[in-house]
Amino acid sequence: MILWTFLTLVFYFIYKYKLKCKRPTLLCGNRNTVDLLKKNCPSFSVIYRPTFYCFEGRFLTIISNIFRQSDTIEYRRQFLDTYDGGSVAIDWLEHVNLEWEPPIVIIVPGLVANSSSGYVVKYAKHLFDSGFDCAVYIFRGVSGVPVKTPLSHHAAFTDDLDIIVNTISCQYPKRKLHILATSLGAIMTFNYLSKSIINNKISSVVNVSMPWNLIASSLQLAKLPDKWLFSHYLVKQLIAMWHSHKNVFSEIDCSENQVNACKTILDFDKCFITKMAGYKSVDDYYIDSSPMFKTCCITTPLLVINAEDDVFTLRETWPIDEILKNPNITLANYAAGGHVGFGTTFHPGNMHINTVISEYFHLYSL
């Protein structure tokens, strides 16, 4: 009986794992774009096999993040002044003494990430080795960047990204410029692109693990087990950032007790972000920020890489019909990968999608 139970569990495990091992499905309103990507980005034709011992989305998200924490990079930091008297920064990883000028990739991290976060380091190292210079956008109040005005990063805020793009394009006018954005950074980048009818400064964009519907995503992350697995950690980081700059944020109608009482991202957005950004309600903020309502506005080549088992992005909220109406958006639909996971078969710290990303940027650097 014990043997049969063991064998049943083994075969069930193998069956479930096999269901996760698939090539990504490419969805785009322009068939020629799909053919072009398959021809020039061979990694799209490779079957993605997630880490075999943690292939479920939540586990892969957590384990991948843990295995990536040991990598480090030495950057060159550049501070920039913002329109409202604040500051942001760029952490540069650059080639030196080259006879040619490499393309530049602006890396926009997620909610509480920075240039030393594991997946950002993985991005930067791979892109640097693939011939790109990297410029990591450091948010206000993050990683030593001061908060000088009562304004911090949020999903709908694109002014600082606009400053970074304009600064880099002025400093290096002959170079191709791309953006690689993740999670909240991907939402910010999508909103940035949606505001420009024509954006001649950006050659292409890759958005990884991008939530399409912030109302649905925030409600999901307020439920168990995701509240314990993800929200508690993220909110802890946000509260710590608020405390580090609470003197600057004091003019916002949000008390220290209210901030400390936040348990989920929804709580923090309702308590602080909505008021800081000037929205009447958290729903107004989420609706204004959600990419699903702005797919028709994208005119820059955009690749969105999402996994079906990502609890942050929720497969049922992806606006497939709207995506198929826009020839500039391509959705790479992976059966597995979690949220910024995409660990390889035997090592969750490695990122399968890095090769896909570099191939895509090489295609649009020609």
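Just so it is clear, the values below take in all heavy atoms, side chains as well, and ignore hydrogens, waters and symmetry mates.
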**Request:** May I ask you to list the residues sharing a hydrophobic cluster with Trp100, side-chain cutoff 4.5 Å, ordered by chain and number?
**Result:** Leu98

**Request:** Please assess Asp284 against Ser281 for the test side chain to side chain contact (heavy atoms under 4.5 Å, CB included), listing each intermediate value before the final yes or no.
**Result:** CA-CA 5 Å; Asp284 287 346; Ser281 69; 3.3 Å; yes

**Prompt:** Has the side chain of Thr317 got a donor or acceptor atom that lies under 3.5 Å from a matching backbone atom of Trp212?
**Reply:** no

**Item:** Tyr334-Asn306 side chain donor-acceptor pair, cut-off 3.5 Å
**Value:** no

**Prompt:** Under the 3.5 angstrom rule, does the side chain of Lys294 hit a backbone N or O of Asp288 as a donor-acceptor pair?
**Reply:** yes

For residues 36-43, which side-chain donor-acceptor pairs fall under 3.5 Å, sequence neighbours excluded?
| residue | atom | partner | partner atom | Å |
| --- | --- | --- | --- | --- |
| Asn40 | ND2 | Leu36 | O | 2.9 |
| Ser43 | OG | Glu359 | OE1 | 3.2 |
| Ser43 | OG | Glu359 | OE2 | 3.0 |

**Prompt:** Judged by atom type as modelled, is there a donor-acceptor pair below 3.5 Å linking the side chain of Arg175 to the main-chain atoms of Ile104?
**Reply:** no

**Request:** Go through the side-chain N and O atoms of Asn166 and Ser169 and say whether any donor and acceptor fall under 3.5 Å apart.
**Result:** no

**Asked** Do other residues, nucleotides or ligands put more than 12 heavy atoms under 6.0 Å from the NZ atom of Lys22?
**Response** no

**Request:** Verify whether one side chain among Lys227 and Thr264 offers a donor that lies under 3.5 Å from an acceptor in the other.
**Result:** no

**Asked** Looking at side-chain heavy atoms only, is the closest gap between Phe342 and Ser64 below 4.5 Å?
**Response** no

**Asked** Given Arg58 and Asp226, is the salt bridge (Lys or Arg N to Asp or Glu O under 4.0 Å) satisfied, shown in steps?
**Response** CA-CA 8 Å; Arg58 292 179 176 89; Asp226 301 317; 2.6 Å; yes

**Asked** Is any side-chain heavy atom of Phe132 closer than 4.5 Å to a side-chain heavy atom of Glu94?
**Response** no

**Request:** For residues Thr313 and Asn213, determine if any side-chain heavy atom of one lies less than 4.5 Å from a side-chain heavy atom of the other.
**Result:** no

**Prompt:** Should we count NZ of Lys270 as having more than 12 external heavy atoms under 6.0 Å?
**Reply:** no

**Request:** Could you pull out all residues at least two apart from Tyr137 that satisfy ring-ring contact (aromatic ring centres under 6.0 Å, His included)?
**Result:** Phe139

**Under 3.5 Å side-chain donor-acceptor pair for His178 and Ser365** = yes

**Prompt:** Does the side chain to side chain contact (heavy atoms under 4.5 Å, CB included) test come out yes or no for Thr295 and Ile329, once each step is laid out?
**Reply:** CA-CA 8 Å; Thr295 55; Ile329 302 175; 4.1 Å; yes

**Asked** Going by distance alone, is a donor N or O of one side chain under 3.5 Å from an acceptor N or O of the other, for Tyr123 and Thr182?
**Response** yes

**Request:** Without swapping roles, check the side chain of Asn207 against the backbone of Ala186 for a donor-acceptor pair under 3.5 Å.
**Result:** yes

**Prompt:** Does some side-chain heavy atom of Thr189 sit less than 4.5 Å from a side-chain heavy atom of Val205?
**Reply:** yes

**Request:** Using atom types as modelled and distance alone, determine if a side-chain donor or acceptor of Thr345 lies under 3.5 Å from a backbone N or O of Arg49.
**Result:** yes

**Message:** Before you tell me yes or no, could you show the steps for Phe346 and Thr51 under side chain to side chain contact (heavy atoms under 4.5 Å, CB included), namely the whole-Å CA-CA distance, both residues' side-chain angles and the distance that decides it to 0.1 Å?
**Reply:** CA-CA 6 Å; Phe346 298 106; Thr51 308; over 6 Å; no

**Message:** Suppose we screen for ring-ring contact (aromatic ring centres under 6.0 Å, His included). Which residues come up paired with His95, at least two apart in sequence or across chains?
**Reply:** Phe128

**Message:** So does Gly337 get a backbone contact from the side chain of Asp310, meaning a donor-acceptor N/O pair under 3.5 Å?
**Reply:** no

**Asked** Does one side chain, of Thr149 or Asp84, offer a donor that lies under 3.5 Å from an acceptor on the other?
**Response** yes

**Prompt:** Judged by atom type as modelled, is there a donor-acceptor pair below 3.5 Å linking the side chain of His126 to the main-chain atoms of Asn354?
**Reply:** yes

**Message:** Looking at Asp35 and Arg31, is there a salt bridge between them, counting it only when a charged N and a carboxylate O are closer than 4.0 Å?
**Reply:** yes

**Asked** Given side chains that start at C-beta, do those of Tyr119 and Pro109 come closer than 4.5 Å, heavy atoms only?
**Response** yes

**Asked** Would a distance-only check, ignoring hydrogens and angles, find a side-chain to backbone donor-acceptor pair under 3.5 Å from Ser217 to Leu214?
**Response** no

**Message:** When you compare the side chains of Thr158 and Lys195, does any donor N or O come within less than 3.5 Å of an acceptor on the partner?
**Reply:** yes

**Prompt:** Between Ser183 and His339, does any side-chain donor sit less than 3.5 Å from a side-chain acceptor?
**Reply:** yes

**Message:** If only side-chain N and O atoms count, and only distance matters, is there a donor-acceptor pair under 3.5 Å linking Gln69 with Asn65?
**Reply:** yes

**Item:** Worked check of side chain to side chain contact (heavy atoms under 4.5 Å, CB included) between Leu27 and Thr330
**Value:** CA-CA 6 Å; Leu27 302 172; Thr330 303; over 6 Å; no

**Message:** Set out, in order, the CA-CA distance, both residues' side-chain angles and the distance that settles salt bridge (Lys or Arg N to Asp or Glu O under 4.0 Å) for Lys20 and Asp309, then state yes or no.
**Reply:** CA-CA 9 Å; Lys20 298 280 189 175; Asp309 60 358; 3.3 Å; yes

**Item:** Other ILVMFWY residues reachable from Leu224 by side-chain steps of under 4.5 Å
**Value:** Trp228

**Request:** Hey, could you give me each pair passing ring pair (Phe, Tyr, Trp, His ring centres under 6.0 Å) that has a residue in residues 65-86? Not counting sequence neighbours.
**Result:** Phe67-His347

**Message:** For the backbone of Thr344 and the side chain of Asn350, can you confirm whether one donor and one acceptor N or O come within less than 3.5 Å of each other?
**Reply:** no

**Message:** Are Phe230 and Phe312, when compared by the centres of their aromatic rings, separated by less than 6.0 Å?
**Reply:** yes

**Request:** Compute the centroid of each ring, for Tyr279 and then for Tyr286, and state whether the two points are separated by less than 6.0 Å.
**Result:** no

**Prompt:** Would you call Lys246-Glu256 a salt bridge at under 4.0 Å N-O?
**Reply:** yes

**Prompt:** Heavy-atom count around Asp129 CG within 6.0 Å, excluding the residue itself: above 12?
**Reply:** yes

**Prompt:** Does any donor atom in the side chain of Asn257 or Ser255 lie under 3.5 Å from an acceptor atom in the other side chain?
**Reply:** no

**Asked** Quick one: does His153's side chain have a donor or acceptor within less than 3.5 Å of a partner on Ile138's backbone?
**Response** no

**Item:** Test item: Lys280 and Thr274 side chains (from C-beta on) under 4.5 Å apart, heavy atoms
**Value:** no

**Message:** Quick one, Asn333 and Arg315 - any side-chain contact, counting heavy atoms below 4.5 Å?
**Reply:** yes

**Arg140 and Thr82, any side-chain heavy atoms less than 4.5 Å apart** = yes

